[in-house]
Protein chains: 2
Amino acid sequence: MRSIGALGKATNTKVETIRYYERIGLLAPPQRTDGNYRTYDDEALARLSFIRRSRDLGFSLDQVRALLSLTDQGTQDCKTVDRIARDHMAEIERKIADLIALRHELSTMIESCGGGNISGCRIIEALSPFDN
Amino acid sequence: MRSIGALGKATNTKVETIRYYERIGLLAPPQRTDGNYRTYDDEALARLSFIRRSRDLGFSLDQVRALLSLTDQGTQDCKTVDRIARDHMAEIERKIADLIALRHELSTMIESCGGGNISGCRIIEALSPFDN
DNA sequence: ATGCTCCCTGTAGCAACTACAGGGTCAAGA
DNA sequence: TCTTGACCCTGTAGTTGCTACAGGGAGCAT
Ligand SMILES: [Zn+2]
Ligand SMILES: [Zn+2]
Ligand SMILES: [Zn+2]
Ligand SMILES: [Zn+2]
């Protein structure tokens, strides 16, 4: 059994974040000490580690919730797990493509800056309408 | 002079968003009609277009605010403009790198799924602690 | 007069936390 | 024993950039 602070250190999670996960139902309310302190067992540690790892991989809390509830009924087919992961992957791909397009536009813009005063700056021009 | 709805259409911006920009001081409060309707002139249109273009390029509202106030004093050196743009570019680069690393991890994970039931799924295993 | 579309203000919601304020608890040292 | 300090508690509000109402008023056409 460990305190919320110890759990936080073990999982690299802020105490407030742990309480937040409890509030939104992602972590079960743990047992309390006589002084009303939360105490966590190893299962809670494993569950929070799972959550953090999933979050680090960019899954949304809703996706994490789904993954957790699927894991809790471990006898089912893992098709849904696969689906969630692939959907997330597709989203990442989309974001990468968007950002690469953005980078191209930005770099063109930045390279055009001649370095005079602002009224003649090409960056500002590129942002402004009606002066193409 | 145009109504808020017309300005919204012209800049592809929702009416609520325009009011929001006004509330946070990004757009000046416009003139009003007798019936208390906002009316916008061409300058407001240009300003909102600038904002939208900057937002499309991923600048934060704070960055947009800075760019606008720099533009308003057009005689200054454009060093600061350049700086904002380069900072933003660096952030985009960081995000791209992060997402590419993420994609690598995810694809490894997804490819490892053999398709049985959940308790043996490699995706779940990859997310879980203590079972490496 | 009635409907319809637009506009107004003010407030609350989204994601995923984070940061207090204003207290209580607990272990250790003087 | 008393006190100090680190930790914990609840509850609420802030962050970013909007978006969505609710409950009204304005303006125009029929
Ligand atoms: Zn290009
Ligand atoms: Zn320049
Ligand atoms: Zn790898
Ligand atoms: Zn699987």
Side-chain angles (χ1 to χ4, degrees), chain A residues 1-27 29-40 44 47-68 84 87-88 91-92 95 98 102, chain B residues 1-27 29-40 44 47-68 84 87-88 91-92 95 98 102:
Chain A
M1 289 306 218
R2 50 183 75 71
S3 73
I4 193 169
L7 180 64
K9 251 169 214 156
T11 57
N12 197 27
T13 309
K14 299 225 160 98
V15 165
E16 289 95 338
T17 304
I18 298 174
R19 287 196 284 247
Y20 168 70
Y21 287 162
E22 181 183 331
R23 207 163 59 240
I24 64 170
L26 212 55
L27 285 176
Q31 283 192 291
R32 301 281 185 133
T33 65
D34 288 350
N36 202 31
Y37 283 21
R38 291 171 178 82
T39 45
Y40 295 94
R47 201 171 172 91
L48 181 53
S49 301
F50 184 99
I51 294 170
R52 298 301 284 176
R53 170 96 180 112
S54 305
R55 294 287 303 128
D56 284 349
L57 289 173
F59 288 97
S60 73
L61 288 182
D62 266 2
Q63 288 174 322
V64 175
R65 207 189 299 273
L67 289 173
L68 279 169
I84 292 170
D87 281 358
H88 179 44
E91 210 182 320
I92 300 288
K95 279 186 188 166
D98 285 356
L102 212 61
Chain B
M1 290 307 218
R2 52 182 75 71
S3 72
I4 194 169
L7 181 64
K9 251 169 214 156
T11 58
N12 197 27
T13 310
K14 299 225 159 101
V15 165
E16 288 94 340
T17 304
I18 298 175
R19 287 197 284 246
Y20 168 70
Y21 288 163
E22 181 183 330
R23 208 163 57 240
I24 65 170
L26 212 56
L27 285 177
Q31 283 193 292
R32 301 282 184 132
T33 65
D34 288 350
N36 202 31
Y37 283 20
R38 291 171 178 81
T39 45
Y40 295 94
R47 201 171 172 89
L48 181 53
S49 302
F50 184 99
I51 294 169
R52 298 302 284 178
R53 169 95 180 114
S54 305
R55 293 287 303 128
D56 285 349
L57 289 172
F59 289 97
S60 73
L61 287 182
D62 265 2
Q63 288 173 322
V64 176
R65 207 189 300 274
L67 289 173
L68 280 169
I84 291 170
D87 281 0
H88 179 45
E91 210 182 319
I92 300 289
K95 279 187 190 166
D98 286 356
L102 211 61

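By convention in this document, chain letters (A, B, ...) are assigned in the order of the sequence lines, proteins followed by strands, and residues within each chain are numbered from 1.
- B/Arg65 has a carboxylate O that lies under 4.0 Å from a charged side-chain N of B/Asp62, or vice versa, which qualifies the two as a salt bridge.
- Among the atoms of the strands shown, none is found under 4.0 Å from any heavy atom of A/Ile24.
- The side chain of A/Tyr37 sits closest to C/dG24 out of D/dT19, C/dC17, C/dG24.
- A distance-only check finds a donor-acceptor pair linking the side chain of B/His88 to the backbone of B/Leu57 [under 3.5 Å].
- One finds a side-chain N or O of B/Tyr21 lying less than 4.0 angstrom from the OP1 or OP2 phosphate oxygen of D/dC18.
- Around CG of B/Asp87, the count of heavy atoms belonging to other residues, nucleotides or ligands within 6.0 Å exceeds 12.
- Toward the 5′ end of DNA chain D lies the nearest nucleotide of B/Phe59, the other residue of the pair B/Gly35 and B/Phe59 mapping further downstream.
- How far CG of B/Leu48 is from OG1 of B/Thr13: 4.5 Å, rounded to the nearest 0.5 Å.
- Atom-to-atom, CG of A/Asp34 to C1' of C/dG24 comes out at 14 Å; the value is rounded to the nearest Å.
- At C/dC7, one or more side-chain N or O atoms of B/Ser3 fall inside 4.0 Å of OP1 or OP2 (strictly under the cut-off).
- Look at CG on B/Asn36: it is 13 Å from P on D/dG25, rounded to the nearest Å.
- Atom pair A/Lys14:NZ and D/dC8:C1' shows a separation of 17 Å (rounding to whole Å applied).
- For A/Leu61, the side-chain atoms get nearest to C/dA16 when compared with the rest of C/dT25, D/dT10, C/dA16.
- Here the side chain of A/Arg23 is nearest to one of C/dT18, D/dC18, C/dA16, namely C/dT18.
- Distances shown here put every side-chain N or O of B/Arg38 at or beyond 4.0 Å from the OP1 or OP2 atom of C/dC7.
- The phosphate of D/dT16 (OP1 or OP2) has no side-chain N or O of B/Ser60 nearer than 4.0 angstrom.
- Taking 4.0 angstrom as the limit, B/Arg32 places a side-chain polar atom (N or O) nearer than this to OP1 or OP2 of C/dT9.
- Residue B/Leu27 contributes atom CG, which lies 11 Å from atom P of D/dC18 at whole-angstrom precision.
- Atoms NZ (B/Lys9) and C1' (C/dC7) sit 13 Å apart, rounded to a whole Å.
- For the OP1/OP2 pair of C/dT9 and a distance below 4.0 Å, the side-chain nitrogens and oxygens of B/Arg19 include no atom meeting the criterion.
- For A/Glu16, the listed nucleotide lying nearest its side chain is C/dA19; candidates were D/dT10, C/dA19, D/dG25.
- With rounding to whole Å, B/Arg2 atom CZ is found 20 Å from D/dG27 atom C1'.
- Listed nucleotides: D/dC8, D/dC18, C/dC17. Nearest to the side chain of A/Arg55: C/dC17.
- A straight line from CD of A/Glu22 to P of D/dC8 spans 14 Å, rounded to a whole angstrom.
- Atom OH in B/Tyr40 sits roughly 16 Å away from atom P in C/dC6 (whole-Å rounding).
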